[in-house]
Amino acid sequence: MTKFALVCGAGGFIGSHLVRRLKNEGFWVRGVDLKFPEFAETEADDFVVGDLRDQRVVDAVVDRRYDEVYQLAADMGGAGYIFTGEHDADIMHNSATINLGVIDRAHKRNIRRIFYSSSACMYPAYNQEDPDNPNCKESSAYPAAPDSEYGWEKLFSERLFLAFNRNHGMSNRVARYHNIFGPQGTWTGGKEKAPAAVCRKVAMAANNGEIEIWGDGNQTRSFLYIDECIEGTIRLTRSDFEGPVNVGSDEMVTINQLVDMVADIAGKTLHKNHVPGPLGVRGRNSHNQLIEDKLGWRPTQSLRKGLETTYAWIETQVRRNAASNA
């Protein structure tokens, strides 16, 4: 028998890849988002362009029992969007409104399980001050002190979905994503994440030229390729473990090392011009012992392999954009 899935945020980077994976598994998939995917046609059987802040839209799309529901919809972006402080009210209001509406409607439709995508941004800033030794174990979340209002909203919504488990007999699943990247993701405009921004800057730079890097470049991060993110998401959703659990790579690099890796992939020699900019925490790295213990799985793909595919895609976008503006 056909299984049915709902993907909220299906017009976004992760959501569009998730739709493709579910379709390959034989699901009938409904997607909903403010917009269609930007870089490829949606593979959803039914795609609703609608605002999930509007309860009428939520009621319209959650109109049946689904075998799987994925709540990825959020107001989000990279450091240039999250850490300036200029969008704090919108980020908190928009994302919380979506989550409150989706879980209420799902509960009333007797949908028992929703996957919710939280973020590593909910971890305490005080545990991420040493770039060489950040602490992002799941158990380190409290006392809470996220570095941004985006992180505070994610922490609230984690608790919301898990409270519905306790009080209403639901079996929601919560993952904390760590810097997901790959082809068909946002690569320009201010909401892009670091790998996409670096790939764009390298693609646009002339050999022996320079690119701007925010801060000293010694801040550390780990980056997870999209295919591994989707695998971890589906494994958690279908498991007996509610989370929260990290879904991320534990291959930590500095931003300077990330730039060097992308430049090497591009075959370019580039000078880094360090400039002021929003940075977030000094260090962050996914701690993957819990996901291995609970799911018998952890991400294994190397950062370089994912960057090779991503850089090739972004370089193509840069060339197309330049040609269209010529």
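Heavy atoms only: backbone and side chains are in, while hydrogens, waters and symmetry mates are out. Source: prediction; values computed, not measured.
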*Go through the steps to decide whether D51 and R53 satisfy the test salt bridge (Lys or Arg N to Asp or Glu O under 4.0 Å), and finish with yes or no.*
CA-CA 5 Å; D51 189 339; R53 293 173 299 178; 2.6 Å; yes

*Run the side chain to side chain donor-acceptor pair (under 3.5 Å) check on S117 and Y70 step by step: do they pass?*
CA-CA 8 Å; S117 59; Y70 297 87; over 6 Å; no

*Kindly check if the number of other-residue, nucleotide or ligand heavy atoms within 6.0 Å of NZ (K137) is above 12?*
no

*Can a donor-acceptor pair be found between the side chains of R221 and N179 at a distance below 3.5 Å?*
no

*Are K201 and W214 in a cation-pi contact, defined as NZ or CZ under 6.0 Å from the six-membered ring centre and within 45° of the axis?*
yes

*Distance-only, no hydrogens or angles: does the T310 side chain make a donor-acceptor pair with backbone N or O of L307 under 3.5 Å?*
no

*Please confirm whether the backbone N or O of Y150 pairs with a side-chain atom of D88, one donor and one acceptor, at under 3.5 Å?*
no

*Evaluate whether atom CZ of R319 has more than 12 neighbouring non-hydrogen atoms of other residues, nucleotides or ligands under 6.0 angstrom away.*
no

*Please say whether more than 12 non-hydrogen atoms of neighbouring residues, nucleotides or ligands are located less than 6.0 Å from CG in D240.*
no

*Determine which pairs satisfy ring-ring contact (aromatic ring centres under 6.0 Å, His included) with at least one residue from residues 221-245, sequence neighbours left out, and list them in order.*
F181-Y225

*asked:* Show the nearest heavy-atom pair for residues E192 and A197, with the distance to one decimal.
replied: CG-CB, 3.8 Å

*Is any side-chain heavy atom of V69 less than 4.5 Å from a side-chain heavy atom of F115?*
no

*How about K294: does its NZ atom have over 12 heavy atoms from other parts shown lying under 6.0 Å from it?*
no

*Go through the steps for T233 and Y177 under the test side-chain contact (heavy atoms from CB on, under 4.5 Å), then give the verdict.*
CA-CA 9 Å; T233 295; Y177 285 163; 2.6 Å; yes

_Side-chain donor-acceptor contact under 3.5 Å, E158 with S118_ = yes

_Between Y123 and N246, do the side chains contain a donor N or O and an acceptor N or O under 3.5 Å apart?_
yes

*Looking only at atom types and distance, does a side-chain atom of T220 sit under 3.5 Å from a main-chain N or O of P131, one as donor and one as acceptor?*
yes

*With side chains defined as the heavy atoms from C-beta onward, is the minimum distance between M252 and Q257 less than 4.5 Å?*
no

*Distance-only polar pair, side chains of D147 and Q128, donor-acceptor under 3.5 Å*: no

*Can you name the closest pair of heavy atoms from G151 and M122 and give their distance?*
O-CB, 3.6 Å

_Polar side-chain atom of N288 near backbone of G248 as donor-acceptor pair, under 3.5 Å_ = yes

*Please confirm whether the backbone N or O of N110 pairs with a side-chain atom of R65, one donor and one acceptor, at under 3.5 Å?*
yes

_Against D63, only a single residue in K108, R30, R105 fulfils salt bridge (Lys or Arg N to Asp or Glu O under 4.0 Å); can you say which?_
R30

*So, does E308 use its side chain to make a donor-acceptor pair with the main chain of G306 at under 3.5 Å?*
no

*Evaluate whether atom NE2 of H168 has more than 12 neighbouring non-hydrogen atoms of other residues, nucleotides or ligands under 6.0 angstrom away.*
yes

*Given side chains that start at C-beta, do those of H107 and R109 come closer than 4.5 Å, heavy atoms only?*
no

*Measure the spacing between CG of N321 and CD1 of I314 and express it to the nearest 0.5 Å.*
12.5 Å

What donor-acceptor contacts under 3.5 angstrom involve side-chain atoms of residues 6-16, with partners at least two apart or in another chain?
unit_1, atom_1, unit_2, atom_2, d
S16, OG, G12, O, 2.9
S16, OG, F13, O, 3.0

*Keeping the roles fixed (side chain from H17, backbone from P183), state whether a donor-acceptor pair exists under 3.5 Å.*
yes

*Heavy atoms, side chains only, cut-off 4.5 Å: are E292 and W297 in contact?*
no

_Quick check: closest heavy atoms across N218 and D216, and the distance to 0.1 Å?_
N-OD1, 2.8 Å

_Other residues, nucleotides, ligands: >12 heavy atoms within 6.0 Å of M204 CE_ = no

*Hey, what do you get for CG (N133) to CZ (R282), rounding to the nearest 0.5 Å?*
13.5 Å

*What distance do N94 atom CG and L52 atom CG have between them, rounded to the nearest 0.5 Å?*
11.5 Å

*If you measure from CD1 on I255 to NZ on K272, what distance do you get to the nearest 0.5 Å?*
11.5 Å

*Qualifying ring-ring contact (aromatic ring centres under 6.0 Å, His included) pairs, either residue in residues 44-66, two or more places apart*: F36-F47

_Does S157 form a side chain to side chain donor-acceptor pair (under 3.5 Å) with E153? I'd like the steps, not just the answer._
CA-CA 6 Å; S157 293; E153 189 283 323; 2.5 Å; yes

*Say whether, by atom type as modelled, one donor and one acceptor occur between the side chain of H287 and the main chain of C136 under 3.5 angstrom.*
no

*Quick one: does I103's side chain get under 4.5 Å of L160's, heavy atoms only?*
yes

*Can we say E43 and K23 salt-bridge, meaning some charged N sits less than 4.0 Å from an Asp/Glu carboxylate O?*
no

_Heavy-atom pair of closest approach, residues V58 and G101_ = CG1-O, 3.6 Å

_Hydrophobic cluster membership, L72 vs F27, 4.5 Å side-chain cutoff_ = yes

*Verify the cluster assignment for I98 and M92: are they in a single hydrophobic cluster under the rule of side-chain heavy atoms below 4.5 Å apart?*
no

*Examine distances only and state if a side-chain atom of K268 and a backbone atom of A205 form a donor-acceptor pair shorter than 3.5 Å.*
yes

*asked:* Could you check whether any side-chain heavy atom of I230 comes within less than 4.5 Å of a side-chain heavy atom of E228, counting everything from C-beta outward?
replied: no

_Counting C-beta onward and ignoring hydrogens, is there a side-chain heavy-atom pair between S119 and K154 closer than 4.5 Å?_
yes

*Taking all atoms of both residues into account, what is the closest heavy-atom pair of A44 and G31, and its distance?*
CB-N, 4.0 Å

_Membership question, hydrophobic clusters at under 4.5 Å side-chain separation (ILVMFWY): are L224 and V245 in the same one?_
yes

*For N172 and E242, does a side-chain donor sit closer than 3.5 Å to a side-chain acceptor?*
no

*Can you check whether V281 reaches E129 side chain to side chain, under 4.5 Å on heavy atoms?*
no

*Does a salt bridge link D54 with R56, judged by any charged N lying under 4.0 Å from a carboxylate O?*
yes

*Do V259 and V318 share a hydrophobic cluster, counting only Ile, Leu, Val, Met, Phe, Trp and Tyr and linking them when any side-chain heavy atoms are less than 4.5 Å apart?*
no

*Is the backbone of F4 close enough, under 3.5 Å, to the side chain of D67 for a donor and an acceptor to pair up by distance?*
yes

*Locate the shortest heavy-atom distance separating N208 from L270; write the atom from each residue and the value.*
N-CD2, 4.4 Å

*Carefully, step by step, assess R21 and E231 under the rule salt bridge (Lys or Arg N to Asp or Glu O under 4.0 Å).*
CA-CA 9 Å; R21 169 67 180 267; E231 182 67 26; 3.0 Å; yes

*So does E68 pair up with R238, basic N to acidic O under 4.0 Å?*
yes

*Exercise: do Q289 and D293 side chains pair donor with acceptor under 3.5 Å*: yes

*Group every Ile, Leu, Val, Met, Phe, Trp and Tyr by side-chain heavy-atom contacts under 4.5 Å, then state whether L18 and V61 land in the same group.*
no

*Tell me, please, whether W28 has R64 positioned over its six-membered ring: NZ or CZ under 6.0 Å from the ring centre and within 45 degrees of its axis?*
yes

